[in-house]
Participant: 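Below is one structure. I have some questions about it.
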Amino acid sequence: QVQLVESGGGSVQAGGSLRLSCAASGYDFSLYYMGWFRQAPGKEREGVAFNYRLGGVTSYADSVKGRFTVSRDSAKNTFDLQMDSLKPEDTAMYYCAAVLSSPGDSWQHATAWDFWGQGTQVTVSS
C-alpha cells in the first residue's frame, strides 16, 4: 500500500525559504513518478514539480521555475521540495503525489496521479 507523508510546512516571510519533505513507503520508490502539487483556498490543485523516475528529468511549473527545486533520495525514499524566494502567492496546502505510469504532458493535472499525501500548509506573509 502506497503511503506518502509530507512534512516541513510552516509560516515564512516573503523572500524566505522552506523545505518540504515527502516520505514514501509501501512500494518500490524507484518505479514511481513523483510530483508536488499545491492548492490555495478556492482554487484548483495545480502541479508544481514533476520528477521522472530515478535519473530522469524534472519539470517545473512556470510560476516556480528558478525558485523551487526537487530532489529524490532513493536510500531514504524521500522526495523533497526546496522553496526559495517565496512569495505570498505561494501560500497553499502542498501535496506529494505518486503514480506508476508516466503522466506525460498531463503531469500538472491532479487527475493524472494515483496516490496522495495528506498535505502540509505553507503560508508566506508579505
Side-chain angles (χ1 to χ4, degrees):
Q1 182 179 355
V2 176
Q3 289 191 327
L4 303 171
V5 180
E6 302 95 336
S7 62
S11 297
V12 65
Q13 289 191 328
S17 298
L18 281 174
R19 187 177 184 90
L20 307 183
S21 186
C22 173
S25 62
Y27 67 103
D28 188 339
F29 183 66
S30 66
L31 296 180
Y32 279 68
Y33 297 83
M34 299 295 297
W36 280 100
F37 281 74
R38 66 186 181 187
Q39 188 168 20
K43 294 188 176 181
E44 290 188 358
R45 192 170 295 190
E46 61 173 354
V48 172
F50 164 41
N51 178 244
Y52 289 71
R53 292 182 290 192
L54 284 178
V57 177
T58 298
S59 295
Y60 297 93
D62 289 342
S63 58
V64 306
K65 278 182 182 176
R67 301 188 299 120
F68 289 12
T69 306
V70 294
S71 59
R72 188 164 174 160
D73 188 326
S74 60
K76 297 180 180 179
N77 279 10
T78 56
F79 182 56
D80 291 355
L81 179 67
Q82 176 66 41
M83 305 185 294
D84 299 317
S85 302
L86 283 162
K87 304 176 181 180
E89 51 264 42
D90 294 319
T91 295
M93 185 72 80
Y94 282 72
Y95 298 90
C96 176
V99 65
L100 184 58
S101 300
S102 174
D105 292 339
S106 298
W107 73 267
Q108 289 183 280
H109 299 282
T111 55
W113 297 79
D114 292 333
F115 303 101
W116 296 89
Q118 82 289 350
T120 185
Q121 178 68 37
V122 171
T123 303
V124 184
S125 58
S126 57

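Numbering starts at 1 and runs along the sequence shown. Nothing here was measured: the structure is a model prediction, and the numbers come from that model.
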Participant: So is R67 actually on top of Y60's ring, under 6.0 Å and inside 45° of the axis?
Facilitator: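 Checked: cation-pi criterion not met.
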Participant: Does R72 reach the main-chain N or O of Y52 with its side chain, forming a donor-acceptor pair under 3.5 Å?
Facilitator: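 A pair under 3.5 Å: yes.
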Participant: Is it true that K87 and D90 have a side-chain N and a carboxylate O under 4.0 angstrom from each other?
Facilitator: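 Between D90 and K87 there is no salt bridge, as every charged N stays at least 4.0 Å from the carboxylate O atoms.
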Participant: Any heavy-atom pair between the side chains of R38 and S63 that's under 4.5 Å?
Facilitator: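 Contact flag for S63/R38 side chains = yes.
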Participant: Is the backbone N or O of Q118 less than 3.5 Å from a side-chain atom of E6, with the two atoms forming a donor-acceptor pair by type?
Facilitator: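 Yes, because the side chain of E6 sits within donor-acceptor range (under 3.5 Å) of the backbone of Q118.
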Participant: Please check if atom CG in D28 has more than 12 non-hydrogen atoms from other residues, nucleotides or ligands closer than 6.0 Å.
Facilitator: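 Yes.
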Participant: Pick from W116, Y95, Y94: which one makes a ring-ring contact (aromatic ring centres under 6.0 Å, His included) with F37?
Facilitator: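 Among W116, Y95, Y94, the one meeting ring-ring contact (aromatic ring centres under 6.0 Å, His included) with F37 is W116.
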Participant: Atom CZ of R19 and atom CG of L81: how far apart are they, to the nearest 0.5 Å?
Facilitator: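 Result: 8.5 Å between the selected atoms.
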Participant: What do you reckon, are the aromatic ring centroids of F50 and W113 less than 6.0 Å apart?
Facilitator: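 Yes; W113 has its ring centre under 6.0 Å from that of F50.
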Participant: Enter the distance from Y32:OH to S102:OG here, rounded to the nearest 0.5 Å.
Facilitator: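 It comes to 14.0 Å.
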Participant: Report the distance from atom SG of C22 to atom CZ of F29, rounding to the nearest 0.5 Å.
Facilitator: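 With rounding to 0.5 Å, SG (C22) is 7.0 Å from CZ (F29).
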Participant: Between D80 and Q82, is there a side-chain donor-acceptor contact under 3.5 Å, judged purely by atom types and distance?
Facilitator: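 There is no such pair (donor and acceptor under 3.5 Å, judged by atom type) between the side chains of Q82 and D80.
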Participant: Run the side-chain contact (heavy atoms from CB on, under 4.5 Å) check on Y27 and L4 step by step: do they pass?
Facilitator: CA-CA 10 Å; Y27 67 103; L4 303 171; 3.7 Å; yes
